[in-house]
**Q** 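Take a look at the following structure, please.
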Amino acid sequence: MPHGKAASCTLLLFLSTLLSTLLSPSALARTYPRFSRNDTVFQHLALHPDPSVGTVYVGARNHLFQLDGLRGLRLEQEEITGPVSDGKDCFPPITETSCSHAGITSNYNKLLLLDPYAQELITCGSVHQGTCQKRSLASIKKVIFSTERPVDTQHVAANDEHVSTVGLVVRPHAGGRTVMYVGRGYTANHPPISTRHLSSEPVFSYEETAKLAVAGRLAEYDHHFVSVFTRHSYVYFLFYRRDIQAGSREYRTYAARVCLDDTSYYSYVEISLFCKQGDHLLGVFSSRLSSSHSSPSDPSALCVYPLEELDLHINSTRNLCYTQDGRTDRGQEIYPTALLSDTVSQNTLNAYPCGSDHTPSPMASRSPVEVRPAWSTSASRLTAVAVSVREGHSIAFLGDARGALHKVYLGQNGEVEVYANTVIQANSPISSDLLLDPNGGHIYIMTQNAVSMNIK
Ligand SMILES: *[C@@H]1O[C@H](CO)[C@@H](O)[C@H](O)[C@H]1NC(C)=O
Ligand SMILES: *[C@@H]1O[C@H](CO)[C@@H](O)[C@H](O)[C@H]1NC(C)=O
């Protein structure tokens, strides 16, 4: 469920495993509307918030595209965003004197977000310190705002093709202003998670407290973000990272939750997610592991985590911290160990559901949420998932590294059945931006240089 676009109370992740089911995709699908370009690489896909408008936006290397989803993905607008003169450690605006070693640099699209409140498209590239623009939804060529002389809190996306960045535009409940949550992997001296304002100057900037504070070296918090989504009054981030607490420092998968209205991150709690097959404890998203790690035959599994269970675990993490100094009979469970004063009681937990300045932050639990894989395959590495929830069952659409789409039926009582495989584009990984239109019957599938709109 990358970017949380599928309305679902279940969280589906895919984790690499050591299983051996074999599936051979069949039936080429060439009859669906399709847009392709062979002179660039696509990074992100987004849909207009109003399905009756039907516009489809594509963020690519050095290009943005606007397609008409109601007319067969016809190209409506194209914007050239690069290459530009840039240097990784230079601060824009780039000039001969400010950046003498600047070179011609490709601009990868790092964020492509809808702001449904302002009816704008937000685009952030890998160049010029990951700064962003606001564009008209009617025409991507119409730039409403562009960060030209950024202060360093206006650097948003990772300024590196390979470093993950995720974002979400939300409006806090308390009638507040729209904000943009951003998660970015480590590149330089920037917080891994921050809350940016969109309507006050400097636009796209964050306040001093509106970021995840880290204990220790920032470089340790090298998160590989997979998605961010909102549910009820919370924002959730999914990512993997080396386990900082463990001696082995192995990669683990994490979910973090913060209250939507919390601009100080007092409510931040992080838990790890395990998917257990036999003796193997698995904790790595297969989707964004660097390609040097993975061959096309890497096995993957679909692991389903009910969000109620994550919430329960996060609640009990807070509870343990408030009432038992984060300890159980298994030892220290909650980090950091700088805990609460004696005066804080169970009442405080309920009185401050989103924490307060007395709360140790960021809070992290050692004990994971564990599930077993719902489905697995060794035919190919899974790279994308979207879920359609109907009464009593769900359909998971899974994209893989070989360019195939799998449809998997997930019944209420754990029944699992694969009932369709389609090759979208042979040997081109399906992008994690796999989107279902909210009320229509379509699924938008993106590969490295094609977008297609198939029937669900
Ligand atoms: C790329 O697309 C153009 C236009 O469709 C076509 O003329 C060209 O041959 C293609 N190039 C490659 C390498 O496929
Ligand atoms: C978690 O705690 C909040 C209040 O702090 C409560 O509203 C919510 O229902 C709890 N969730 C679960 C799953 O127990």
Side-chain angles (χ1 to χ4, degrees), residues 1 4 6-13 168 170-176 179 181 193 195 209-210 212-213 226-239 253-276 303-330 333-336 338-372 374 387 389 392 394 410 412-414:
M1 203 174 66
S8 161
C9 50
T10 310
L11 174 61
L12 284 97
L13 309 177
L168 178 74
V170 282
R171 179 168 280 180
H173 286 165
V179 295
Y181 277 85
I193 297 179
T195 314
T209 59
L212 177 63
V226 175
S227 82
V228 54
F229 59 93
T230 182
R231 177 180 179 256
H232 299 174
S233 52
Y234 300 112
V235 172
Y236 299 81
F237 285 88
L238 298 178
F239 52 91
T253 307
Y254 297 89
R257 190 187 81 178
V258 63
C259 288
L260 197 53
D261 297 342
D262 176 10
T263 53
S264 304
Y265 285 74
Y266 295 135
S267 59
Y268 183 93
V269 180
E270 185 178 292
I271 58 175
S272 58
L273 306 177
F274 281 4
C275 196
K276 197 173 184 177
C303 304
V304 181
Y305 297 86
L307 282 173
E308 279 301 304
E309 222 166 283
L310 294 200
D311 278 342
L312 205 61
H313 196 82
I314 289 170
N315 280 8
S316 78
T317 297
R318 298 185 67 236
N319 189 34
L320 265 180
C321 179
Y322 273 82
T323 59
Q324 298 174 54
D325 282 354
R327 275 191 285 272
T328 65
D329 42 12
R330 289 190 298 271
E333 290 272 322
I334 312 298
Y335 289 83
L339 289 162
L340 299 162
S341 64
D342 297 340
T343 53
V344 174
S345 68
Q346 177 76 51
N347 281 344
T348 325
L349 177 71
N350 295 328
Y352 298 95
C354 292
S356 178
D357 52 8
H358 64 257
T359 315
S361 175
M363 208 184 278
S365 166
R366 247 198 176 172
S367 65
V369 174
E370 269 184 43
V371 298
R372 294 186 170 280
V387 183
V389 181
S394 306
L410 303 169
Q412 214 162 20
N413 305 311

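Read the numbers this way: they start at 1 and go in the same order the structure lists the ligands and their atoms. For reference, positions follow the sequence shown, starting with 1.
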**Q** Compare Leu310, Asn315, Asn350, Leu312 and give the one whose heavy atom is closest to atom 2 (O) of ligand 2.
**A**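 Checking each option, the heavy atom nearest atom 2 (O) of ligand 2 is found in Asn315.
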
**Q** Residues two or more places apart in sequence or in another chain: which of them pass side-chain hydrogen bond (donor to acceptor under 3.5 Å, both in side chains) with Tyr234?
**A**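 Result, side-chain hydrogen bond (donor to acceptor under 3.5 Å, both in side chains) vs Tyr234: none returned.
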
**Q** Under a 3.5 Å distance rule, please check whether Asp261 uses its side chain to pair with a backbone N or O of Pro172 as donor and acceptor.
**A**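 No; zero donor-acceptor contacts below 3.5 Å.
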
**Q** Looking at atom 8 (C) of ligand 2, would you say a protein heavy atom lies below 4.0 Å from it?
**A**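 Yes, there is one.
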
**Q** Could you go through Glu270 and Arg366, starting from their C-alpha distance and side-chain angles, then the distance that decides it, and tell me whether this counts as salt bridge (charged side-chain N to carboxylate O under 4.0 Å, His left out)?
**A** CA-CA 9 Å; Glu270 185 178 292; Arg366 247 198 176 172; over 6 Å; no

**Q** Is there a donor-acceptor contact under 3.5 Å linking the side chains of Asp311 and Tyr236?
**A**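 Side chains of Asp311 and Tyr236: pair found under 3.5 Å.
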
**Q** Short question: side chain of Tyr305, backbone of Phe274 - any donor-acceptor pair under 3.5 Å?
**A**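 Yes; at least one donor-acceptor contact below 3.5 Å.
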
**Q** For atom 4 (C) of ligand 2, what is the nearest protein heavy atom, given as residue, atom name and distance?
**A**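 Ranking protein heavy atoms by distance from atom 4 (C) of ligand 2, first comes Pro353 CB, 4.5 Å.
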
**Q** Within a distance under 4.0 Å of any heavy atom of Glu308, pick out the atoms of ligand 2 and give their elements.
**A**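 Matching atoms, with element in brackets: 13 (C).
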
**Q** For atom 14 (O) of ligand 2, is some protein heavy-atom partner under 4.0 Å away?
**A**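 Under the 4.0 Å cut-off, atom 14 (O) of ligand 2 does have protein heavy-atom neighbours.
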
